[in-house]
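First the structure, in the form of structure tokens, and then the observations on it.
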Amino acid sequence: MPTLATCHCAAVRLTCEAAPVEVTECTCSICRRYGVLWAEPGQVRIEGGGL
């Protein structure tokens with residue numbers, strides 16, 4: 001089952017068809033604040049936002 005996410009205004013949509021095999025936890029101050037986990041670019045589809 002795909003995982004779907006959007007930004008706050010829903011202008012950008014993220015779709016991940018399957019759970020990533022590996023994610024990276026960034027330790028910079030911004031990523032730590034938001035709890036960001038990063039996946040390989042090919043594992044996530046980004047739509048909207050003029051991309």
Side-chain angles (χ1 to χ4, degrees):
M1 177 172 205
T3 300
L4 307 172
T6 65
C7 65
H8 182 70
C9 71
V12 176
R13 294 169 305 284
L14 304 164
T15 306
C16 186
E17 293 299 327
V21 175
E22 181 178 318
V23 293
T24 302
E25 182 178 13
C26 180
T27 59
C28 79
S29 61
I30 294 171
C31 289
R32 277 196 330 247
R33 186 180 316 147
Y34 291 105
V36 173
L37 295 174
W38 295 94
E40 290 294 320
Q43 296 175 321
V44 179
R45 185 173 63 234
I46 302 170
E47 303 172 31
L51 298 174

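Treat the numbers as computed from the prediction; the structure is a model and nothing was measured. Side chains included, hydrogens not; waters and symmetry mates left out as well; all remaining heavy atoms used.
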> Per the side-chain contact (heavy atoms from CB on, under 4.5 Å) rule, which among Thr15, Leu14, Thr3 passes with Val44?
Replying inline: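 The residue from Thr15, Leu14, Thr3 that satisfies side-chain contact (heavy atoms from CB on, under 4.5 Å) with Val44 turns out to be Leu14.
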> Are Ile46 and Leu4 in one and the same hydrophobic cluster, where Ile, Leu, Val, Met, Phe, Trp and Tyr link if side-chain heavy atoms are under 4.5 Å apart?
Replying inline: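 They do not share one cluster, since no chain of ILVMFWY contacts under 4.5 Å joins Ile46 to Leu4.
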>> Testing the basics here: between Ala39 and Val23, what is the closest heavy-atom pair and its distance to 0.1 Å?
In response: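 Result for this residue pair: CB-CG1, 4.4 Å.
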>> Would you compute the distance between atom CD of Glu47 and atom OG1 of Thr6 and round it to the nearest 0.5 angstrom?
In response: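 Between Glu47 CD and Thr6 OG1, I get 11.5 Å after rounding to 0.5 Å.
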> Got more than 12 heavy atoms from elsewhere within 6.0 Å of CD, Glu17?
Replying inline: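 More than 12 within 6.0 Å, yes.
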>> Looking at Thr27, is its backbone amide N or carbonyl O close enough to the side chain of Arg32 to form a donor-acceptor pair, meaning the two atoms are under 3.5 Å apart?
In response: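 Yes: the side chain of Arg32 pairs with the backbone of Thr27.
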